[in-house]
Amino acid sequence: MKTISLTLEEIFNLAKKTLLTNGCDEETSNILSDLIMKAERDGSLSHGLFRLPAYVSGLKSGKINGKARPNIKKISSSVIKVDGNNSLAPMVLNKSIPELVKAAKDSGVAVLAITNSHHMAALWPETEAIAEQGLVAFACTSYKPAVAPTGSVKALFGTNPISFAWPRKNNTPVVYDMATASMAMGEVQVAKREGHKVPLGTGLSKDGKQTTDPGEIADGGVLLPFGGYKGSAIAMMVELMAGALVGDNFSFETAVKDNNDGGPPSGGEFILAISPNKTSDTKWQEHSDKFFEKMKSMGEVRLPGERRHKNRIDKGPRNINEELVNKIKSLS
Ligand code: NDP
């Protein structure tokens, strides 16, 4: 793969210029470009610049409104409902997470029930932002069917990511962020682009056979949930929490409504924030730090999120796929 070296500022500027020329206003462009730059900085490669052409497709078709703002309504002391008004999820999150944090600090627990938002990013930016405020966070979202429930060869679930973040004093939060598919479709697409095989159990080809060829899975095949029936149950939970619980679609309903322009469809997201200062005693931070130390002392164990946080320390340029950069440049 031929790469081109771009500074973090150049990555931000490339994304911003592309978004501004394709219908986003200044604030939306800034918020999404910052997210894309941070994904590249952290090494979340399937959710950085790689996603920009898809966002542009959704903006061009008019499905996504790059100038809209969400409506945020506090239903009770701990429930906040957000109508994204077809804006991009990073815009929705930028405006609503401060409200969630405030409610969780006041009440001990609060939820954000987000609808009509276009999510195609990683989930760690939202859970990590909440944990940085001293709260425990959980988030999940669905998409369009790509994953077969255990027992089927047909897709019903989205790749349905879940993310959890735990706050730490004077340290980055411990964060996991993972698709409930055996592999995120973005990673399968990256493997296809770069000519790598994927492990058996990742997915099925369009004729329902197990395959290690990412192209066979991405083009008409189906992903499998991680961990067999257990992952299938968690993917089902995501459908319920980001669908019926917030008042938005299940993945299969999203697929019926979406215009298939390749951009992120309109859908729901569920976010939970809990204040350990309210649920625990004054020692919870010390107590959990000891647990993390114990984990890390056990051989090769590392904490989830650590890879990204290490990558983040390097403020230098990143090597970006040259073909992708040229494709993005042609969009503006
Ligand atoms: P990975 O399998 O790469 O990683 C999952 C988690 O496991 C990460 O938190 C990672 O931390 C951690 N991890 C990985 N290896 C280890 C290890 N050896 N020890 C401890 N922890 C480890 O992620 P996925 O491929 O499942 O998902 C990639 C991204 O795709 C996610 O950000 C997800 O939100 C996104 N996604 C978004 C969708 C959407 O619709 N918006 C749909 C599906 C996925 P670390 O980062 O530090 O490596």
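All ligand and atom numbering here is 1-based and tracks the order in the structure.
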remark   = heavy-atom search around atom 7 (O) of ligand 1 in the protein gives Pro304 CB, 4.6 Å
inquiry  = So if I count the atoms of ligand 1 from 1 in the order they appear, which ones are less than 4.0 Å from some heavy atom of Ala122?
reply    = 32 (O), 34 (O)
note = among protein heavy atoms, the one nearest atom 35 (C) of ligand 1 is His47 CE1, 3.3 Å
ask   = Does Gly305 come within less than 4.0 Å of ligand 1, judged by its heavy atoms?
value = yes
request  = Would you check whether Thr180 reaches within less than 4.0 Å of ligand 1, judged by its heavy atoms?
outcome  = no
inquiry  = Under a 3.5 Å distance rule, please check whether Thr254 uses its side chain to pair with a backbone N or O of Gly267 as donor and acceptor.
reply    = no
inquiry  = Test side-chain contact (heavy atoms from CB on, under 4.5 Å) on Arg193 and Met1; report intermediate values, then the result.
reply    = CA-CA 9 Å; Arg193 192 186 68 198; Met1 178 183 68; 4.2 Å; yes
query = Please walk me through it: do Lys38 and Glu128 pass salt bridge (Lys or Arg N to Asp or Glu O under 4.0 Å)?
reply = CA-CA 12 Å; Lys38 285 176 174 161; Glu128 196 164 303; over 6 Å; no
key: Arg308 neighbourhood, listing ligand 1 atoms whose heavy-atom distance to it stays under 4.0 Å   = 46 (O), 47 (O)
inquiry  = Below 4.0 angstrom, counting only protein heavy atoms, does anything approach atom 26 (O) of ligand 1?
reply    = yes
Polar side chain donor-acceptor pair, Lys16 to Asn30, under 3.5 angstrom = yes
remark   = Heavy-atom proximity to atom 17 (C) of ligand 1, picking from Arg302, His119, Met120, points to Arg302
query = Looking only at atom types and distance, does a side-chain atom of His119 sit under 3.5 Å from a main-chain N or O of Ala121, one as donor and one as acceptor?
reply = yes
message = Within the 4.0 Å heavy-atom shell around Glu306, which atoms of ligand 1 are there?
response = 47 (O)
task = Of the side chain and backbone of Tyr143, name the one, both, or neither that has a heavy atom under 4.0 Å from an atom of ligand 1.
result = side chain
query = Between Val175 and ligand 1, which residue portion shows a heavy-atom distance shorter than 4.0 Å: side chain, backbone, both, or neither?
reply = backbone
inquiry  = Between ligand 1 and Pro161, is the shortest N or O to N or O distance under 3.5 Å?
reply    = no
ask   = Going by heavy atoms in the side chains, are Arg168 and Ser288 under 4.5 Å from each other?
value = no
query = Considering only protein heavy atoms, which is closest to atom 1 (P) of ligand 1, and at what distance to one decimal place?
reply = Asp177 O, 4.6 Å
Atom indices of ligand 1, in the order listed, that fall short of 4.0 Å to a heavy atom of Met178 = 5 (C), 26 (O)
ask   = Nearest to atom 39 (C) of ligand 1, what protein heavy atom do you find, and at what distance?
value = Ala121 O, 3.8 Å
task = Please tell me if the side chains of Ser251 and Phe157 come closer than 4.5 Å, counting only heavy atoms from C-beta onward.
result = no
request  = Look at atom 11 (O) of ligand 1 and say whether a protein heavy atom is found at less than 4.0 angstrom from it.
outcome  = yes
Polar side-chain atom of His309 near backbone of Gly305 as donor-acceptor pair, under 3.5 Å = yes
query = Do the charged groups of Asp177 and Arg308 touch, with an N to O distance under 4.0 Å?
reply = no
query = Any Lys/Arg nitrogen of Lys63 or Asp258 sitting under 4.0 Å from an Asp/Glu carboxylate oxygen of the other?
reply = yes
ask   = With the threshold set at 4.0 Å, does a side-chain nitrogen-carboxylate oxygen contact exist between Lys67 and Glu27?
value = no
message = As an exercise, identify every atom of ligand 1 less than 4.0 angstrom from a heavy atom of Tyr176.
response = 9 (O)
inquiry  = Using a 3.5 Å distance criterion without hydrogens, assess whether the side chain of Thr115 forms a donor-acceptor pair with backbone atoms of Val82.
reply    = yes
Identity and distance of the protein heavy atom lying nearest atom 43 (C) of ligand 1 = Thr159 OG1, 3.1 Å
ask   = Between the main-chain N or O of Asn71 and the side-chain N or O of Asp83, is there a donor-acceptor pair closer than 3.5 Å?
value = no
ask   = What part of Ser163 sits under 4.0 Å from ligand 1 if we count only heavy atoms: the side chain, the backbone, both or neither?
value = neither
request  = Starting from atom 24 (P) of ligand 1, find the nearest protein heavy-atom neighbour and note its residue, name and distance.
outcome  = Ala179 N, 3.8 Å
ask   = What residue and atom, counting heavy atoms only, is the protein's closest point to atom 48 (O) of ligand 1, and at what distance?
value = Arg307 NE, 2.7 Å
task = Output yes when the distance from some N or O of ligand 1 to some N or O of Leu303 is under 3.5 Å, and no in every other case.
result = no
message = Is the contact between Glu187 and ligand 1 made by the side chain, the backbone, both, or neither, using heavy atoms and a 4.0 Å cut-off?
response = side chain
key: Sub-4.5 Å side-chain heavy-atom contact between Ser87 and Thr28   = no
query = Can you find a protein heavy atom closer to atom 45 (P) of ligand 1 than 4.0 Å?
reply = yes
task = Would you sort out whether Thr127 and Ser163 count as a side chain to side chain donor-acceptor pair (under 3.5 Å), showing the intermediate values?
result = CA-CA 7 Å; Thr127 53; Ser163 179; 2.8 Å; yes
request  = Ignoring angles and geometry beyond distance, decide whether Trp124 reaches within less than 3.5 Å of ligand 1 through its nitrogen or oxygen atoms.
outcome  = no
